[in-house]
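Contents: one structure, followed by commentary.
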Amino acid sequence: MWVHPQFDPIAIRLGPLAVHWYGLAYLAGFVVFMLLARWRIRQPGLVTQPWTTLHLDDLLFYGVLGVVLGGRLGFVFFYKPEYYLAHPVEIFKVWTGGMAFHGGLLGVALALAVFAWRRGWRFFEVTDLVAPCVGFSFGLVRIANFINGELWGRPADPSLPWAMVFPQAPTAEPRHPSQLYQAFGEGVVLFVLLWLYARKPRLTGQVSGAFLFLYGLQRFVIEFFREPDAYLGLQALGLSRGQWLCVPMILAGLGLWAWAGRRGSKT
């Protein structure tokens, strides 16, 4: 049985400036995304629009806004609406923590819709480029969650070789290091499967549909090992809030993939 090493959440200190691992994970994730997206736009047949590196620079700007605003507002309204409605000023204190993936996804979708509209491109032409390039970046953020000792897992059998005690947890019992499970599920499984699927030209919207389905499915499964938020607990049918938010993702992914197949337009 292991004990979480209690890493310093601050990676670099420069006088009064403190750079956190969480921020570095996001920064590295954006860099990785740009490198992968640049590779994709150079491959014949994978994109239909005349993408350039300048387009990608603009896309990154829109995406960062979508991640930050959507992730924060998603946390506010999906997880703690009563608290933030009573303390609205706290919404702006992003440095205190509190980001939600599903809110970030909605924020990015809106940002990409604006990006596509301004250029006269189809929405799914843009999302099909983005979707295969983000899984590895998700994994980096999950590793930062592990470094911070947050989002720990549910209690585990002490005989599990990698069971770990998290001092921040309410009880000193061995738990699943669910942050690492999610890093593997998102940064390896999701990324590899989607990258391989998207290496060949697909019908417009099918790569995006595959992303929604694969992310929702792996997250739904891994949530069985992640401790639900104490102020929410388990909800209907013994599922967590994160699992319930994944259900529409899975269904939307399947529906989008099938709809794209009927339309028959190549990306």
Side-chain angles (χ1 to χ4, degrees), residues 9 11 19-34 37 58-85 87-115 123 126-127 130-131 133-152 178-179 182-183 185-187 190-191 208 211-212 214-216 218-220 222-223 226-229 231-232 240-250 252-253:
V19 180
H20 291 72
W21 287 108
Y22 197 65
L24 288 179
Y26 269 95
L27 178 61
F30 291 136
V31 171
V32 171
F33 165 78
M34 289 294 287
D58 289 344
L59 181 69
L60 181 64
F61 173 75
Y62 281 87
V64 170
L65 286 179
V67 167
V68 174
L69 296 178
R72 182 58 172 174
L73 292 177
F75 180 78
V76 168
F77 292 109
F78 292 158
Y79 291 92
K80 286 189 171 183
E82 297 86 0
Y83 173 81
Y84 285 105
L85 288 175
H87 306 85
V89 175
E90 296 291 322
I91 295 175
F92 302 98
K93 296 182 179 181
V94 295
W95 56 88
T96 63
M99 299 282 281
F101 169 83
H102 296 91
L105 178 66
L106 293 174
V108 169
L110 178 60
L112 297 187
V114 174
F115 174 88
F123 173 67
V126 177
T127 58
V130 172
C133 303
V134 295
F136 191 82
S137 301
F138 293 166
L140 293 176
V141 175
R142 295 306 181 189
I143 291 175
N145 292 144
F146 177 77
I147 291 174
N148 290 344
E150 59 193 5
L151 307 183
W152 50 78
S178 58
Q179 314 97 321
Q182 288 190 268
E186 298 171 16
L190 173 68
F191 171 71
S208 301
F211 166 80
L212 291 173
L214 289 172
Y215 180 90
Q218 63 83 28
R219 173 74 181 267
F220 185 91
I222 294 174
E223 281 276 332
R226 175 174 163 176
E227 182 75 12
D229 296 294
Y231 51 87
L232 291 174
S240 68
R241 175 67 59 85
Q243 287 175 307
W244 279 113
L245 291 173
C246 284
V247 171
M249 283 188 70
I250 295 171

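Everything numeric here is computed off the predicted structure, so don't read it as measured data.
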> Would you say the side chain of Phe211 lies within less than 4.5 Å of the side chain of Leu190, judging by non-hydrogen atoms?
Replying inline: yes
> Do Val141 and Glu186 have side-chain heavy atoms sitting under 4.5 Å apart?
Replying inline: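 Not touching, per the 4.5 Å side-chain cut-off.
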Look up atom [atom1] in [X] and atom [atom2] in [Y], then write down how far apart they are to the nearest 0.5 Å.
{"X": "Trp244", "Y": "His102", "atom1": "CH2", "atom2": "NE2", "value": "13.0 Å"}
{"X": "Lys80", "Y": "Phe75", "atom1": "NZ", "atom2": "CZ", "value": "5.0 Å"}
{"X": "Tyr22", "Y": "Ile147", "atom1": "OH", "atom2": "CD1", "value": "12.0 Å"}
{"X": "Ile250", "Y": "Gln218", "atom1": "CD1", "atom2": "CD", "value": "9.5 Å"}
{"X": "Leu105", "Y": "Leu212", "atom1": "CG", "atom2": "CG", "value": "6.5 Å"}

Do you know the tightest heavy-atom contact between [X] and [Y]?
{"X": "Ser137", "Y": "Cys133", "result": "OG-O, 4.3 Å"}
{"X": "Arg142", "Y": "Leu151", "result": "NH1-CD1, 3.9 Å"}
{"X": "Gly216", "Y": "Cys246", "result": "O-CB, 3.6 Å"}
{"X": "Ser240", "Y": "Pro228", "result": "CB-CB, 4.4 Å"}
{"X": "Asn148", "Y": "Pro9", "result": "OD1-CB, 3.4 Å"}

> Residues in ring pair (Phe, Tyr, Trp, His ring centres under 6.0 Å) with Phe123, at least two apart?
Replying inline: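 For Phe123 there are no ring pair (Phe, Tyr, Trp, His ring centres under 6.0 Å) partners, ignoring immediate neighbours.
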> Can you check whether Gln179's main-chain N or O pairs, donor with acceptor, with Gln182's side chain at less than 3.5 Å?
Replying inline: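 Absent.
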>> Tell me if a side-chain donor or acceptor on Ser208 pairs with a main-chain N or O of Ala131 at a distance below 3.5 Å.
In response: no
>> Give me each pair satisfying salt bridge (charged side-chain N to carboxylate O under 4.0 Å, His left out) with a member in residues 104-114, each pair once, sequence neighbours excluded.
In response: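 Residue pairs passing salt bridge (charged side-chain N to carboxylate O under 4.0 Å, His left out), neighbours aside: none found.
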> Do the ring planes of Phe101 and Phe138 sit parallel (below 30°), tilted (30 to 60°) or perpendicular (above 60°)?
Replying inline: perpendicular
>> Just to verify, what does Phe136 make a side-chain contact (heavy atoms from CB on, under 4.5 Å) with, not counting sequence neighbours?
In response: Val32, Leu140, Phe191
>> Tell me every residue that passes side-chain contact (heavy atoms from CB on, under 4.5 Å) with Val67, counting only those two or more places apart in sequence or in another chain.
In response: Tyr26, Val108
>> Among residues at least two apart in sequence or on other chains, which ones pass salt bridge (Lys or Arg N to Asp or Glu O under 4.0 Å) with Glu223?
In response: Arg219, Arg226
Please tabulate, for the side chains in residues 58-65, all donor-acceptor contacts under 3.5 angstrom to protein atoms that are two or more places apart in sequence or on a different chain.
residue : atom : partner : partner atom : Å
Asp58   : OD2  : Arg119  : NH2          : 3.1
Tyr62   : OH   : Arg118  : NH1          : 2.6

